[in-house]
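In what follows, every heavy atom counts, from backbone to side chain, and hydrogens, waters and symmetry copies are set aside. Residue numbers start from 1 in every chain, and the chains themselves are labelled A, B, ... in the order their sequence lines are given, proteins ahead of strands.
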Amino acid sequence: MAALSLPTNIPSHLGLRLLRSALNVGDFKRAHQLFDNIPQPDPTTCSTFISALTTHGRPNEAIKVYASLRACGIKPHSSVFLAVAKACAVSGDTLRVKEVHEDATRLGLMSDVYIANALIHAYGKCKCVEGARRVFDDLVVRDVVTWTSLSSCYVNCGFPRKGLSVFRQMGLDGVKPNPVTVSSILPACSELKDLKSGKEIHGFAVRHGMVENVFVCSGLVSLYAKCLSVREARAVFDLMPHRDVVSWNGVLTAYFTNKEYEKGLSLFTQMSRDGVKADEATWNAVIGGCMENGRIEEAVEMLRKMQNMGFKPNEITISSILPACSFSENLRMGKEIHGYVFRQWKVGDLTSTTALLYMYAKCGDLNLSRNVFNMMRRKDVVAWNTMIIANAMHGNGKEALFLFGKMLQSRVKPNSVTFTGVLSGCSHSRLVEEGIQIFNSMGKDHLVEPDANHYSCVVDIYSRAGRLNEAYKFIQRMPMEPTASAWGALLGACRVYKNVELAKISAKKLFEIEPNNPGNYVSLFNILVTAKLWSEASKIRILMKEKGITKLPGCSWLQVGNRVHTFVVGDKSNMESDKIYNFLDELVEKMKMAGYKPDTDYVLQDIDQEEKAESLCNHSEKLAVAFGILNLNGQSTVRVFKNLRICGDCHNAIKYMSKVVGVMIVVRDSLRFHHFKNGNCSCNDLW
DNA sequence: TTAGGGTTAG
């Protein structure tokens, strides 16, 4: 190894050459020794070395090199500052950024806009908005990069609304946003589900010829995907002159999250035909998409394909696939997946346990979730959020609030998802004042800006408590365009509290926002029928016919032993069908004696003429619960799942069933869990 | 020389 012997007292010009050749072969030890043996390294040598260490994933070594220069009393050149600022950004170490910032200030370099911009960026990567703001405020001359860096700092640190306001301020200051600015501000609109601002920025991008930019367009695709405007997402995608893997992932996600599984999957196939190679995120999007759309077997198949293509499933993959273990048609197969996942990859304790507790909660067994959660040694924000959400869906608002308090005590910083969980817990448990108070504290005490989802939760809080006018006023005062979930919450409550006027207003908005969602038409139809407004109701039916919108068939299922049994309205396909109907007839007699009165309003909830003739007893949830009671096999709880919201009469009937039979019945509908016990339901009849 | 997009929990 004589050739590698170390020269001493290397002159700077030669040192740079030797240093570069050592870095090129990845010999960092030699590079360090060489650098140490240059008595007076010039600025280019210093910045080259620092940058190279950063790009090779050694930002902390890069920062140490800078510190050693300072210790020797060498005054760093501005190029060295830029290099070390980048290293700080990569390492994410706030203290180091502060030190570099102080050094630059002392040397009078903070008016150099390049250095200032690099420091704003570095502070942003360290999630230190105060630092970034200070550098920004101290600048006299700010360019487009300064503004872009600050606004994206806010967006990436969880302050999307602040990011948007910086973006707007920038325009007022006469600095024109460029494609980089636009692509980094779009995620703020997505995060806030702020379609209105998103569309304004889309318009700006069109007017300024930015729609050829792949970053801008991918941002737009994601924006429309997040705001549930799948058609607009597709329109942007179709107009793109060049598409890369990120644009494809965006449009795939748009279809999957909007329940258009088949279209998503066919695009996935088309993607490879178009010569775009799927990456890790593509596979995660597809696997998540399969799971979200109930395609368990396909999700497992995709996991296998992902590995065959040489990709290693990561945390996100595992979190999405693990619930397959219990949703699977066949419990045994679920267990196999579980074992397979654990054998194959050393899954981190935190990720896998969180997935496990979420899976138990989604399967209706909150006690098992609680046990898992209590046993966790370390709990991160995702774990806390999952447990809060689990309680919210089961209607345990008080416990969700309690957990939120404990989370704050353990010094885990709540994020936007935390508040969605806590607020929905409040709405499902009629905790109005508590909910409003928490909503008001979000920005003030927790530095989390409320997004459209949080506003919708508050609408839901007022609505479920029967304070419909307050809910309506609140919607009108929202700082962003109200989403379908805000109007949907109001419409749902109008049915419970029989408010026809507000129902018409909300339904009109919903028909504009999601013209193809059958649920909205059905809800309004039912409200009109209950109010005996027959001619208006029939107009809705005609509207649906004209638009070719058909009601999604209701379907309930439950697991008995290793099998999942599925029921639709008037189902006779079950082998024990006769037994179920006879049992249900007997049960209804007993229930009537206990005070049950069938609510015939709900006979009319199905709009098809044939279905209208079916009696209430045929509803899928009643059939499934009856089948569950017949097959209890010593269990004390029947767990039934339904794809739509539970019908009002069924809700009432199942309360009586739980009393007459003396059994716990858990029903998960499309919105939440209902725990029926002793003639009562955990939702306090706010179904 | 400095700044940019997609995948988990809602």
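- We find that CG of Asn156(A) is positioned 6 Å from P of dG5(B), with the value rounded to whole Å.
- Of the listed nucleotides (dT7(B), dT2(B), dG4(B)), dT2(B) has the atom at the smallest distance from the side chain of Ala118(A).
- Side-chain atoms of Ser218(A) and base atoms of dG5(B) include a donor and an acceptor less than 3.5 Å apart.
- Look at CG on Asp279(A): it is 15 Å from P on dG5(B), rounded to the nearest Å.
- With hydrogens and angles ignored, no donor-acceptor pair under 3.5 angstrom links the side chain of Asn213(A) to the base of dG5(B).
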Would you tabulate the side-chain donor-acceptor contacts of residues 78-92 of chain A under 3.5 Å, counting partners in other chains and residues two or more places apart, or write 'none'?
{"residue": "Ser79(A)", "atom": "OG", "partner": "His77(A)", "partner atom": "ND1", "Å": "3.0"}
{"residue": "Ser91(A)", "atom": "OG", "partner": "Cys88(A)", "partner atom": "O", "Å": "3.3"}
{"residue": "Ser91(A)", "atom": "OG", "partner": "Asp93(A)", "partner atom": "N", "Å": "3.2"}

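- Within a heavy-atom distance below 4.0 Å of DNA chain B, no residue of residues 199-206 of chain A is found.
- In this structure, the CG atom of Asp112(A) is 9 Å from the C1' atom of dT1(B), given to the nearest Å.
- Comparing Val382(A) and Pro187(A) against DNA chain B, the residue whose closest nucleotide sits nearer the 5' end is Pro187(A).
- As judged by a 4.0 angstrom heavy-atom cut-off over every strand, Leu82(A) is placed among the base-contacting residues.
- Closest contact between the side chain of Val214(A) and the listed nucleotides dA3(B), dG5(B), dG10(B) involves dG5(B).
- In summary, of the residues considered (Ile63(A), Val65(A), Thr45(A)), a side-chain contact (heavy atoms from CB on, under 4.5 Å) with Ile50(A) occurs for Val65(A) alone.
- Distance CG (Leu303(A)) to C1' (dT8(B)): 15 Å, rounded to an integer number of Å.
- Between the CD1 atom of Ile389(A) and the C1' atom of dT8(B) there is a distance of 11 Å, rounded to whole Å.
- Checked against salt bridge (charged side-chain N to carboxylate O under 4.0 Å, His left out), Lys162(A) has no partners two or more places apart in sequence or in another chain.
- Contact annotation: Tyr154(A) does not reach the phosphate of dA3(B) (side-chain N/O to OP1 or OP2, under 4.0 Å).
- Between the NE2 atom of His394(A) and the P atom of dG10(B) there is a distance of 12 Å, given to the nearest Å.
- Relative orientation of the Phe204(A) and Phe167(A) rings is perpendicular, given thresholds of 30° and 60° on the angle between their planes.
- Between dG4(B), dT2(B), dG5(B), one nucleotide has an atom nearer to the side chain of Val216(A) than all others, and that is dG4(B).
- Within 4.0 Å (heavy atoms only), Ser247(A) reaches at least one base atom of the nucleic acid.
- The base of dG5(B) lies close enough to the side chain of Asp244(A) for a donor and an acceptor atom to sit less than 3.5 Å apart.
- Residue Lys379(A) has no polar side-chain atom (N or O) positioned under 4.0 Å from OP1 or OP2 of dA9(B).
- Side-chain contact check for Met480(A) versus Ser197(A): every heavy-atom pair is 4.5 Å or farther apart.
- Whole-Å rounding puts the Asn178(A) CG to dG4(B) C1' distance at 9 Å.
- Between the NZ atom in Lys305(A) and the CD atom in Glu298(A) there is a gap of 10.0 Å [rounded to 0.5 Å].
- Residue side chain Tyr114(A) fails the stacking definition with respect to dT2(B), as its ring centre and the base's six-membered ring centre are not both under 5.5 angstrom apart and under 30 degrees in plane angle.
- Nucleic acid contact class of Thr148(A) (heavy atoms, under 4.0 Å, all strands): base.
- Counted within 6.0 Å of CD on Glu212(A), heavy atoms from surrounding residues, nucleotides or ligands total 12 or fewer; the atom is thus considered open.
- Applying the 4.0 Å criterion to OP1 and OP2 of dG5(B), one finds that Lys226(A) has every side-chain N and O outside that range.
- Between Val276(A) and Arg243(A) there is no side-chain heavy-atom pair separated by less than 4.5 Å.
- Phe268(A) places a side-chain heavy atom less than 4.5 Å from the side chain of Thr282(A).
- Nearest nucleotide to the Lys193(A) side chain, out of dG10(B), dT2(B), dA9(B): dG10(B).
- Distances from the side chain of Thr253(A) to the nucleotides dG4(B), dT7(B), dG10(B) place dT7(B) closest.
- Within 4.0 Å (heavy atoms only), Asp451(A) reaches at least one base atom of the nucleic acid.
- If you check every strand for non-hydrogen atoms under 4.0 Å, Ser149(A) touches sugar and phosphate atoms only.
- Donor-acceptor pairing under 3.5 Å, judged by distance alone, is absent between the side chain of Ser183(A) and the base of dG5(B).
- Here dG10(B) is the nucleotide among dG10(B), dG4(B), dA3(B) with the atom lying nearest to any side-chain atom of Asn453(A).
- Counting to the nearest Å, the P atom of dG10(B) and the CZ atom of Arg672(A) are 16 Å from each other.
- Residue-level contact check: Ser416(A) touches the bases, meaning some heavy atom is under 4.0 Å from a base atom.
- Val221(A) comes within contact range of no nucleotide atom at all, as no heavy-atom separation falls under 4.0 Å.
- Put simply, His121(A) has no side-chain N or O that comes within less than 4.0 Å of OP1 or OP2 on dT2(B).
- Ser456(A) and Ser485(A) form a side-chain donor-acceptor contact under 3.5 Å, judged by distance and modelled atom types alone.
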